[in-house]
Student: 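Take a look at this one; I'll ask things after.
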There are 4 protein chains.
Amino acid sequence: MGSVKTKRMPRAVRERQMLDAAVQTFGRRGYMAASMDEIAELAGVSKPLVYLYLNSKDELFTACIRREAAALTEAVRAGVRPGFSADRQLWEGLCAFFTHTAQNPDGWSILHLRARTHGESFAAEVTAMREDIVALVTQLIAAAARDGGSPCSNDGGNPGHRGSGLPEREIAGLAEALVGAAESLAAWANATPGVSARQAAATLMNFAWAGLGNLMEGRSWSPPEPD
Amino acid sequence: MGSVKTKRMPRAVRERQMLDAAVQTFGRRGYMAASMDEIAELAGVSKPLVYLYLNSKDELFTACIRREAAALTEAVRAGVRPGFSADRQLWEGLCAFFTHTAQNPDGWSILHLRARTHGESFAAEVTAMREDIVALVTQLIAAAARDGGSPCSNDGGNPGHRGSGLPEREIAGLAEALVGAAESLAAWANATPGVSARQAAATLMNFAWAGLGNLMEGRSWSPPEPD
Amino acid sequence: MGSVKTKRMPRAVRERQMLDAAVQTFGRRGYMAASMDEIAELAGVSKPLVYLYLNSKDELFTACIRREAAALTEAVRAGVRPGFSADRQLWEGLCAFFTHTAQNPDGWSILHLRARTHGESFAAEVTAMREDIVALVTQLIAAAARDGGSPCSNDGGNPGHRGSGLPEREIAGLAEALVGAAESLAAWANATPGVSARQAAATLMNFAWAGLGNLMEGRSWSPPEPD
Amino acid sequence: MGSVKTKRMPRAVRERQMLDAAVQTFGRRGYMAASMDEIAELAGVSKPLVYLYLNSKDELFTACIRREAAALTEAVRAGVRPGFSADRQLWEGLCAFFTHTAQNPDGWSILHLRARTHGESFAAEVTAMREDIVALVTQLIAAAARDGGSPCSNDGGNPGHRGSGLPEREIAGLAEALVGAAESLAAWANATPGVSARQAAATLMNFAWAGLGNLMEGRSWSPPEPD
DNA sequence: TATGAATGAGAGTTCATTCAT
DNA sequence: GATGAATGAACTCTCATTCAT
């Protein structure tokens, strides 16, 4: 005698549906332009249920950020497996990164675009994740410097500079720059049809590894004297 | 004590005030979160006057984009003065760029963040400006390649490669990458206290000029064979 | 004391309340002067609910027009029951018409005044209804002409003219004129206290049926020669 | 040294321009939808000047009504010249009426549509004018009844009923109906291309004079007994 | 567990109207 | 005599959020 239409589902499943819908909507429209109505409809549930499970638009957005941040971090970490050379690890990490962002454009949009442009607390969530990844990259660069192998895997290395290393501050700057460049490239690769994750990664390795090599060898460009 | 409510000003002045207020508000809050009320109040006028002069939120936003795009382009062009070597011109242009974005963070936020995430027509305005700048950079790189001098201005040059040049397509790609990197760095420099425009410019010159040199010499990083 | 604020009603009921309120408000004030606030308040609900159910002022107005047009058409059709003589049917139809417009002055105001003076699409709704009714009247007049009986039901008829009939075009013109006259009379009857629906109908029958008789007999007034 | 553009004009001329613009705008858009901005622009003056001369939207509208009412009354009176037979006078009056409304559609729209649907005070202005005209028509009908000539100018008359007259109440009702019919017809004639004023007048004379004749001869349609 | 019914608050926009010159 | 500059108030419409069941 009960309604046939009602579908009771375990909480975890419902919550996942809602988050999926929310990620898609926030990712495509942005925080403000996304409406709870649209999210609820896309999730196939009523609005009060969304509030029952996720409390408010703010918390829903935060939950999206956390889930997507965790997924991305996890994907990158899974790529960077110890036991290989530093440049190989970086390469694999980049591939994982570009693959994941290409497969989850909405999630990446939330992390890269939407969360950073809407309130300190949201930005802080992303910043935390970013720092995790920067730390990972920093380790890799430092390892490469320690290993002494020239980071350019195919030119025979430059033994004379082994171990001389770079000051920690430089390494941090480089890691920062590399991550920033990767973020930029991901947006570009997602928007440009026909650019694969491996191509994006190769482009970046070329650009970065070359500059890195030069710097480790002590060569640098210096500005002209101001007039 | 405090500001007296100034009244009855010529239209041009009021319009400027409104644009100033709008740039600040849009830049900090984003298009959707910025309210016409807030803009009007910040400009010190009533809302109807904003509509009388600027017609709608859309048109007001567009006016902001145009004004800021023109100002930025102008600043960069003023920096890149012919008569110097290509690398010097690039350096000056980057300094002008980082200086301008540091001094106009709200305007830069509109161009880099807000306009690109809100509707095709807004993004198109920015894309037009960006293409102007990419073209400028492309010219500089091509000039450097023609000059035959190694782009690293302080290592004596590499006469063997003079004129061999890079294919046009490569140059365009490099320009694109360089501009993208500059955009990324500007956001970072603005957000990180203690990073001057010159430092940001130097970082980028080092990174890019070195990579450029490697590429011109035919050296590149190549990925490992997949397992 | 006074009405308790009734709450939580099924959608159909609320929607009816809103339409009632809207018909009254639009009918008395006109489309532009009626405010959604006023309608919502009269309906005893909040504005958002009106929008939730009826989408926009335009659609709400259209819904009013449709409901009132259907009600009026239905009332007239119910009056004109086949099986009686044509003049009797016309008489009953007119009575029904005047009765209905007298009992629903706001609805009639919408159909006769407001919808026709506000935008083609609204006017088209009313025109459609009007054409229905004109067609009905045309049938009745044609039937009367076919019956051959003089339309004056109490003067013994005029056998000599049986079947000679009127050209179709004339009949259509007469129907148009009769409906137009009825519309005018309805407004007048509503505005003049002490004029019953039956009186209005009788006045019109006298006026129209006599003219119709004259025309069928070929008598007509002709203008003097211009000076 | 003064500005060439300023055109000083005598008050009467300016006021006329404003009224012309107002009549056109009110007539086409209706009271609410007409904006003072549009009127001022159409009149070629600034808004404050409109307020200086005509005080408010309400007063401006009233001024329009009065001017157009006076013009219409004047036109009809000029048509109805004593010395002719009653039906001829009525005919000329109708011609004048239809001609004037056709030549001043905006003014007629104000009188017939707009003023009557916006507030008692506006409607009262029109009612006053209408009563003037109804009185005029009443006189003509009464005169026709007194003259004893059958109102049907071309069928030889019906001497038997001369002077028997109609009760005053009947005459008033007829005049009312005739004026109402004329109003309806005017709107229809204006909206239908190819219908001249004379045609509209002839249509109405035919319709009305015939019914009037029948009534004067004591023939009338009577309703069936209610069930 | 799940939802139909309902709203307070605020968004963008327009308009009649008035100063100050 | 004439106007550029300016606004209070009201309008249509949307949205995050909550009851009552």
Side-chain angles (χ1 to χ4, degrees), chain A residues 2-3 5-11 14 32-40 44-53 55-60, chain B residues 5-11 13-15 32-40 44-58 60, chain C residues 5-11 13-15 32-40 44-60, chain D residues 3 5-11 13-14 32-40 44-53 55-58 60:
Chain A
S3 148
K5 205 175 172 188
T6 313
K7 292 193 216 157
R8 301 269 176 129
M9 314 193 45
R11 171 158 185 153
R14 275 275 192 253
M32 294 249 46
S35 88
M36 296 297 273
D37 269 294
E38 188 177 359
I39 292 171
V45 298
S46 69
K47 243 187 316 177
L49 200 58
V50 179
Y51 278 88
L52 188 61
Y53 283 0
N55 302 318
S56 75
K57 197 184 187 185
D58 260 47
E59 285 191 36
L60 175 54
Chain B
K5 207 167 187 183
T6 316
K7 292 195 159 195
R8 301 267 152 186
M9 322 199 27
R11 173 166 182 152
V13 177
R14 273 278 189 256
E15 220 168 293
M32 295 246 54
S35 89
M36 294 299 271
D37 268 302
E38 189 178 358
I39 292 171
V45 297
S46 69
K47 234 187 330 174
L49 200 58
V50 179
Y51 278 89
L52 189 61
Y53 287 177
L54 287 140
N55 300 320
S56 74
K57 199 183 186 185
D58 258 48
L60 175 55
Chain C
K5 205 166 188 184
T6 317
K7 293 197 160 197
R8 301 270 149 183
M9 322 201 27
R11 171 163 183 153
V13 177
R14 273 280 189 253
E15 219 167 294
M32 297 244 49
S35 90
M36 294 299 271
D37 268 299
E38 188 179 358
I39 292 172
V45 297
S46 69
K47 234 187 330 176
L49 201 58
V50 179
Y51 278 90
L52 190 61
Y53 286 177
L54 288 141
N55 300 320
S56 72
K57 199 184 186 184
D58 257 48
E59 282 191 39
L60 176 54
Chain D
S3 148
K5 204 174 171 189
T6 313
K7 294 192 216 157
R8 301 269 174 127
M9 313 194 45
R11 172 159 184 153
V13 178
R14 274 276 191 251
M32 297 250 38
S35 87
M36 295 297 272
D37 268 296
E38 189 177 359
I39 292 171
V45 297
S46 69
K47 244 188 314 179
L49 200 57
V50 180
Y51 278 88
L52 188 62
Y53 284 0
N55 301 319
S56 74
K57 198 183 186 186
D58 261 46
L60 175 55

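Numbered from 1 within each chain, the chains take letters A, B, ... in sequence-line order.
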Student: By the 4.0 Å heavy-atom rule, please label Asp37(B) as base, sugar-phosphate, or nothing.
Tutor: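 Touches sugar-phosphate only.
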Student: Of all the choices, dA6(F), dC13(F), dT17(E), which nucleotide is nearest to the side chain of Ser46(B) once you look at every atom?
Tutor: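 Out of dA6(F), dC13(F), dT17(E), the nucleotide with an atom closest to Ser46(B)'s side chain is dA6(F).
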Student: Please report the distance, rounded to the nearest Å, between CG in Leu49(B) and P in dG12(E).
Tutor: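 My rounded result for the distance is 17 Å.
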Student: Does Tyr51(A) have a side-chain nitrogen or oxygen under 4.0 Å from the phosphate oxygens OP1 or OP2 of dT17(F)?
Tutor: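 Yes, because at least one side-chain N or O of Tyr51(A) sits under 4.0 Å from OP1 or OP2 of dT17(F).
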Student: Measure the distance from CD1 on Ile39(B) to C1' on dT13(E) and round it to the nearest whole Å.
Tutor: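 From Ile39(B) CD1 to dT13(E) C1': 14 Å.
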Student: Taking only the side-chain nitrogens and oxygens of Arg14(B), find out if one of them lies under 4.0 Å from OP1 or OP2 of dA6(F).
Tutor: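 For dA6(F), OP1 or OP2 has a side-chain N or O of Arg14(B) closer than 4.0 Å.
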Student: Considering heavy-atom distances to DNA chain F, does Asp58(A) or Pro10(D) have its closest nucleotide positioned more toward the 5' end?
Tutor: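 Result of the comparison: Pro10(D).
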Student: To the nearest angstrom, how far is Leu60(B) atom CG from dT13(E) atom C1'?
Tutor: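 Taking atom C1' of dT13(E) as the reference, CG of Leu60(B) is at 14 Å.
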Student: Which nucleotide in the list dA2(E), dT7(F), dA2(F) gets nearest to the side chain of Val45(B)?
Tutor: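 Of all the options, the side chain of Val45(B) is nearest to dT7(F).
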Student: Rounded to the nearest 0.5 Å, what separates atom OH in Tyr51(D) from atom NZ in Lys57(D)?
Tutor: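 So the gap between those two atoms works out to 8.0 Å.
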Student: Measure from CE on Met36(D) to P on dA6(F) and round the result to the nearest Å.
Tutor: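 Taking CE of Met36(D) and P of dA6(F), I get 21 Å after rounding.
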Student: Whole angstroms only, please: what is the CE-C1' distance between Met9(D) and dG1(F)?
Tutor: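 Answer to the nearest Å: 12 Å.
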Student: Using 0.5 Å steps for rounding, measure from the CZ atom of Arg14(C) to the CZ atom of Arg8(C).
Tutor: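 That separation rounds to 9.5 Å.
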Student: Can you measure Tyr53(A) atom OH to dT3(E) atom C1' for me and round it to whole angstrom units?
Tutor: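 Distance, rounded to whole Å: 12 Å.
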Student: Within the modelled atom types, does a donor on one side and an acceptor on the other bring the side chain of Lys47(B) and the base of dT13(E) under 3.5 Å apart?
Tutor: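 Present.
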Student: Taking atom CZ of Arg11(B) and atom CD of Glu15(B), what is their separation to the nearest 0.5 Å?
Tutor: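 With rounding to 0.5 Å, CZ (Arg11(B)) is 5.0 Å from CD (Glu15(B)).
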Student: Out of dG4(E), dA16(E), dT7(F), which has the shortest distance to the side chain of Pro48(A)?
Tutor: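 Closest of the options to the side chain of Pro48(A): dG4(E).
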Student: Checking side chain to side chain contact (heavy atoms under 4.5 Å, CB included) between Lys47(D) and each of Leu52(D), Asp37(D), Ile39(D), which is the one that passes?
Tutor: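 With Lys47(D) as partner, Leu52(D), Asp37(D), Ile39(D) yield a single side chain to side chain contact (heavy atoms under 4.5 Å, CB included), made by Asp37(D).
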Student: Tell me the interatomic distance from Glu15(C), atom CD, to dG4(E), atom C1', rounded to whole angstroms.
Tutor: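 Checked: the CD to C1' distance equals 14 Å.
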Student: Whole angstroms only, please: what is the CZ-C1' distance between Arg11(B) and dA6(F)?
Tutor: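 From Arg11(B) CZ to dA6(F) C1': 12 Å.
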Student: Can you tell me which stems involve DNA chain F, if a stem is defined as three or more consecutive Watson-Crick or G-U wobble pairs, both distances under 3.5 Å?
Tutor: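 Consecutive-pair runs (3 or more) involving DNA chain F: E:2-21 with F:2-21.
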Student: What's the closest nucleotide to the side chain of Arg8(C) if the choices are dC19(F), dT3(E), dA6(F)?
Tutor: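 Of dC19(F), dT3(E), dA6(F), dC19(F) is nearest to the side chain of Arg8(C).
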Student: Identify whether any heavy atom of Ala34(C) sits under 4.0 Å from a base atom; if not, whether one sits that close to sugar-phosphate; answer base, sugar-phosphate or nothing.
Tutor: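 Sugar-phosphate, no base atom in range.
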Student: Quick one: CD on Glu59(C) to OG on Ser56(C), what's the gap to the nearest 0.5 Å?
Tutor: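 Those atoms lie 4.5 Å apart.
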Student: Starting at the 5' end of DNA chain F and moving along, which residue's nearest nucleotide shows up first, Leu52(D) or Ser35(A)?
Tutor: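 The residue whose closest nucleotide sits nearer the 5' end is Leu52(D).
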